[in-house]
Chemist: 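Shown below is the structure under consideration.
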Amino acid sequence: MRSEIMQLLRDTYAEQREKNTREEYRRRAEAEERIHGLGELLQERQELIYSGVRGILTGAKAENLPERMEKLNGRIAAMLTAGGYPATWLDPVYRCPICRDTGYTGDTVREMCACMRAAYHSEVMRRLGLGDDAGVSFERFDESIIPETKLEDWGITQRALSVRIRDQARQWTQAWPDAPRIVLMYGESGLGKTYLMRCMARALTEGGHEVLLISAYQLMDAARKAVFGGETDELTACMETECLLLDDLGSEPMIPNITVEQLYSLINERGRAGRATVVSTNLNPEQLRSRYGERIVSRLTDRSNALILAFRGDDLRRVDGARRATV
Ligand SMILES: [Zn+2]
C-alpha cells in the first residue's frame with residue numbers, strides 16, 4: 001500500500017507543479033496586457049539572463065550583471081505596484097514554501113517534506129475508513145455508552161474494564177516500537193474491539209508509523225490469490241507493513257493447507273522482522289487453540305512478547321439499543 005500511495009502522491013505533486021506553472025503564465029499574461037511596457041521589461045530581463053548564461057559558457061563575463069539585474073527587478077516591481085498588482089505577482093507560484101511543491105527537502109539527503117507526510121497520513125486514514133469525520137480516536141472514546149454493570153469474578157465494572165483496556169492500548173501505541181510485537185484483543189462480539197483497533201490505527205498513523213488494517217477475511221482472500229493466482233502484492237503488503245491490524249480473526253474461511261499455514265507464517269515472520277501484529281477475535285484462547293492449533297496460539301498468548309487485552313461484558317449494541325428504546 002505504501003508504494004501505491006507514494007506513486008499517487010508523486011503524481012498529485014507533479015500535477016500541482018503543472019498547475020503552478022500555468023498560473024504563473026496566466027499572471028504574467030494578465031499583467032503584460034494591463035501594464036503598458038511591462039512586456040518589454042520582462043523581455044529585457046530574459047535577455048539579460050541569457051547573456052549571463054552565454055557569458056558563463058563562453059568565458060566572456062557579462063558586465064555588472066547582478067547590479068543590472070537588481071535594477072531591472074526594481075523597475076519591474078515598481079511597474080507592477082503602480083499597476084495595482086503586488087510586487088511579488090510574477091514570483092514563482094507554489095502551495096508549500098518549504099518544498100515548493102516538490103514534496104521533498106534537503107539537497108544532499110532528500111527528506112519527505114512535512115506537507116507530503118501529512119498528505120500521506122491523510123490518504124492512509126482515508127483508506128482505513130478513518131477520515132477526519134469518522135469520529136474514531138482515543139480522544140473521542142466515549143465511555144459513557146458502556147454500562148456500569150459489575151463483572152462477576154472481576155470485582156470491576158464493564159466500564160472500568162473498558163477504560164483500562166483503552167489505556168493499555170493507547171500506551172502501547174505511544175510506546176511502539178518499544179512495545180510487545182503482538183497485541184491480542186479477545187472477547188465476545190459487540191464489546192468495542194474493532195472500534196479500539198481503529199483508534200490504535202489512527203494513533204499509530206498519526207505517530208508516523210506505517211499501518212495496514214484489514215479483516216482476517218481479506219487476509220485469507222489475499223493468501224488465496226497468492227497461492228492460486230500468483231498475485232502476491234496484497235499478501236506481501238500484509239507481511240511487510242510496519243503495523244498490521246488484523247480484525248475479526250475467526251470469521252475467515254478455513255481453507256485446508258492455507259488458512260493455518262499462512263496465518264502462522266505471517267505472525268512468525270512479522271515477529272522475526274520486529275513488526276507489530278494486532279489481532280482482534282471473538283474467540284477465546286481455548287477456541288483459538290482448537291481452530292488454529294497450539295503453535296499459533298502460543299505465539300499470540302506469549303506474555304513475554306504479547307499484550308493481551310481480554311474484553312468482558314454485555315454487547316454494547318444491545319445496551320445502546322435498549323437505552324434508545326427506553327428514551
Ligand atoms: Zn512541502
Side-chain angles (χ1 to χ4, degrees), residues 1-32 42 45-46 49 52-53 66 69-70 72-74 76-77 80-81 85-140 170 173-178 198-214 233 236-237 240-245 274-276:
M1 182 164 84
R2 187 182 171 84
S3 61
E4 199 184 308
I5 296 179
M6 287 312 298
Q7 187 56 51
L8 175 81
L9 289 180
R10 278 193 292 272
D11 292 348
T12 314
Y13 274 67
E15 245 168 63
Q16 182 61 41
R17 289 194 300 275
E18 278 171 30
K19 218 191 270 178
N20 296 345
T21 308
R22 283 199 297 276
E23 175 62 10
E24 286 164 12
Y25 280 127
R26 189 196 69 76
R27 290 186 186 187
R28 178 173 169 157
E30 185 189 303
E32 275 185 28
L42 291 174
R45 181 168 69 175
Q46 198 55 56
I49 292 169
V53 173
M69 187 61 90
E70 205 184 311
L72 205 46
N73 281 339
I76 291 170
L80 282 169
T81 5
Y85 287 92
T88 54
W89 182 249
L90 299 176
D91 288 357
V93 172
Y94 39 79
R95 276 187 314 188
C96 175
I98 300 163
C99 68
R100 298 193 163 200
D101 297 347
T102 61
Y104 293 92
T105 58
D107 293 326
T108 41
V109 181
R110 265 171 34 116
E111 259 187 78
M112 232 204 240
C113 181
C115 72
M116 200 185 219
R117 273 206 305 274
Y120 176 82
H121 290 146
S122 66
E123 179 61 19
V124 173
M125 296 286 199
R126 198 185 63 73
R127 289 180 185 215
L128 293 176
L130 297 172
D132 279 340
D133 54 356
V136 178
S137 70
F138 282 120
E139 289 72 25
R140 292 203 224 169
R170 187 181 211 169
T173 58
Q174 288 164 345
W176 175 258
D178 192 13
R198 284 153 57 88
C199 293
M200 293 170 84
R202 177 184 286 265
L204 287 166
T205 305
E206 285 173 352
H209 302 289
E210 193 196 354
V211 174
L212 185 57
L213 189 158
I214 61 163
D233 284 6
T236 305
E240 292 182 350
T241 189
E242 182 189 347
C243 306
L244 178 74
L245 293 92
R275 297 172 184 138

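Just follow the structure's listing: the first ligand is 1, and inside any ligand the first atom is 1. This chain uses plain numbering: 1 for the first residue, then up along the sequence.
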Chemist: Roughly how far, to the nearest 0.5 Å, is CG of Leu80 from CZ of Arg27?
Modeler: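 These two atoms lie 11.0 Å from each other.
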Chemist: Can you name the side chain to side chain contact (heavy atoms under 4.5 Å, CB included) partners of Glu242, sequence neighbours left out?
Modeler: Trp176, His209, Glu210
Chemist: Which residues satisfy the side chain to side chain contact (heavy atoms under 4.5 Å, CB included) test with Arg45, sequence neighbours excluded?
Modeler: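 Partners of Arg45 by the side chain to side chain contact (heavy atoms under 4.5 Å, CB included) criterion, ordered by chain and then number, come out as Leu42, Ile49, Met69, Leu72, Asn73, Ile76.
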Chemist: Report the distance from atom CG of Leu204 to atom CG of Leu212, rounding to the nearest 0.5 Å.
Modeler: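 Separation between the atoms: 12.0 Å.
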Chemist: Tell me, please, which residues at least two apart from Pro92 pass side chain to side chain contact (heavy atoms under 4.5 Å, CB included).
Modeler: Glu24, Tyr94, Arg100
Chemist: Between Glu15 and Lys19, is the closest basic N to carboxylate O distance under 4.0 Å?
Modeler: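 No salt bridge links Lys19 with Glu15.
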Chemist: Below 2.8 Å of the Zn ion (ligand 1), tally up the protein N/O/S atoms for me.
Modeler: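 If we list every protein N, O or S atom nearer than 2.8 Å to the Zn ion (ligand 1), we get 4.
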